[in-house]
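Structure record follows, encoded as structure tokens.
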Amino acid sequence: PAEPTLVLRLKFLNDTERLARVRPGDTVGALKRTYFPGQEQQVRLIYQGQLLRDDAQSLAGLHLGHLSVLHCHLSPPSATPTAPGSPGPRSPAPAALGVGSLALPLFVLLLALLWYLQLQHRHVFTATATTCLAGLTLLVTFVAFAMYRR
């Protein structure tokens with residue numbers, strides 16, 4: 001008689017999911033080889049909070065049910081020397097610009113605009129406003145040097 005098949009949900013850290021059709025007699029290693037070819041050493045499977053370390057363990061021994069969730073973590077490949085003529089490792093993608101990385105340049109731009117307005121329209125700015133503007137400029141200058149000093 002044919003062994004029944006199970007459908008497992010492979011859930012990744014970015015909340016994407018893949019469905020895997022397996023037989024209860026399959027091993028953890030066979031699951032990795034089938035659904036992560038060439039990445040068997042980088043993939044970590046977690047079931048009910050336990051890391052599945054033993055690739056020889058059968059899926060039946062884990063008591064997996066239909067649509068059980070296996071959490072998958074893919075670690076980046078380790079740095080291995082490449083053979084001549086083969087493509088080297090890809091460079092990492094540039095980091096996305098966040099609001100935090102733009103805050104200081106926007107602050108500096110705003111201060112430059114305020115100083116321009118102060119110089120062009122002195123009659124609008126009181127002595128207190130000019131003193132506050134100078135203090136804020138000093139504060140932003142210290143923050144900028146603290147952030148970019150390295």
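Source: prediction; values computed, not measured.
- L117 and F107 are not part of a single hydrophobic cluster, where members link through side-chain heavy atoms under 4.5 Å apart.
- Summarising the geometry, atom CZ belonging to R44 is positioned 6.5 Å from atom NZ belonging to K32; distances are rounded to the nearest 0.5 Å.
- What you find for P24 and P4 is that their closest heavy atoms are CD-O, 3.0 Å.
- Side-chain atoms of T131 and T126, non-hydrogen and from C-beta on, never get closer than 4.5 Å to each other.
- When hydrophobic clusters are built by joining Ile, Leu, Val, Met, Phe, Trp and Tyr residues whose side-chain heavy atoms come closer than 4.5 Å, directly or via intermediates, V43 is not grouped with L51.
- Atom CG in L109 sits 7.0 Å away from atom CG in L113 (nearest 0.5 Å).
- Side-chain atoms of T16 do not come within 3.5 Å of backbone N or O of F12 as any donor-acceptor pair.
- Taken to the nearest 0.5 Å, the CZ atom of R9 stands 10.5 Å off from the NE2 atom of H66.
- Heavy-atom minimum distance, G65 versus L6: C-CD2, 4.1 Å.
- Using a 4.5 Å heavy-atom cutoff, the side chains of V7 and L19 are in contact.
- The minimum heavy-atom distance between L74 and F36, with the atom names listed, is CD2-CD2, 4.2 Å.
- Residues W115 and T137 come closest through the heavy atom pair NE1-OG1, 2.8 Å.
- Residues R23 and L59 come closest through the heavy atom pair O-CD1, 3.9 Å.
- How far CG of L64 is from OG of S58: 9.0 Å, rounded to the nearest 0.5 Å.
- The closest donor-acceptor contact from the side chain of S75 to the backbone of Q42 lies under 3.5 Å.
- Side-chain atoms of V108 and V140, non-hydrogen and from C-beta on, do get closer than 4.5 Å to each other.
- Of the possible polar contacts, one joining the E40 side chain to the G38 backbone as a donor-acceptor pair under 3.5 Å is found.
- In this structure, OH on Y47 lies 9.5 Å from CG on L52, to the nearest 0.5 angstrom.
- When all heavy atoms are compared, the tightest approach of V22 to Y35 is CG1-CE1, 4.3 Å.
- A distance of 9.0 Å separates CG of D54 from OG1 of T27, quoted to the nearest 0.5 Å.
- Hydrophobic clustering (side-chain heavy atoms under 4.5 Å, transitive across Ile, Leu, Val, Met, Phe, Trp, Tyr) keeps L62 apart from L67.
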Problem - side chain to side chain contact (heavy atoms under 4.5 Å, CB included) assessment of L31 paired with D26 - result: CA-CA 7 Å; L31 174 70; D26 290 346; 6.0 Å; no

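- In this structure, L111 is not a member of the same hydrophobic cluster as L119, with clusters built from ILVMFWY side-chain heavy atoms closer than 4.5 Å.
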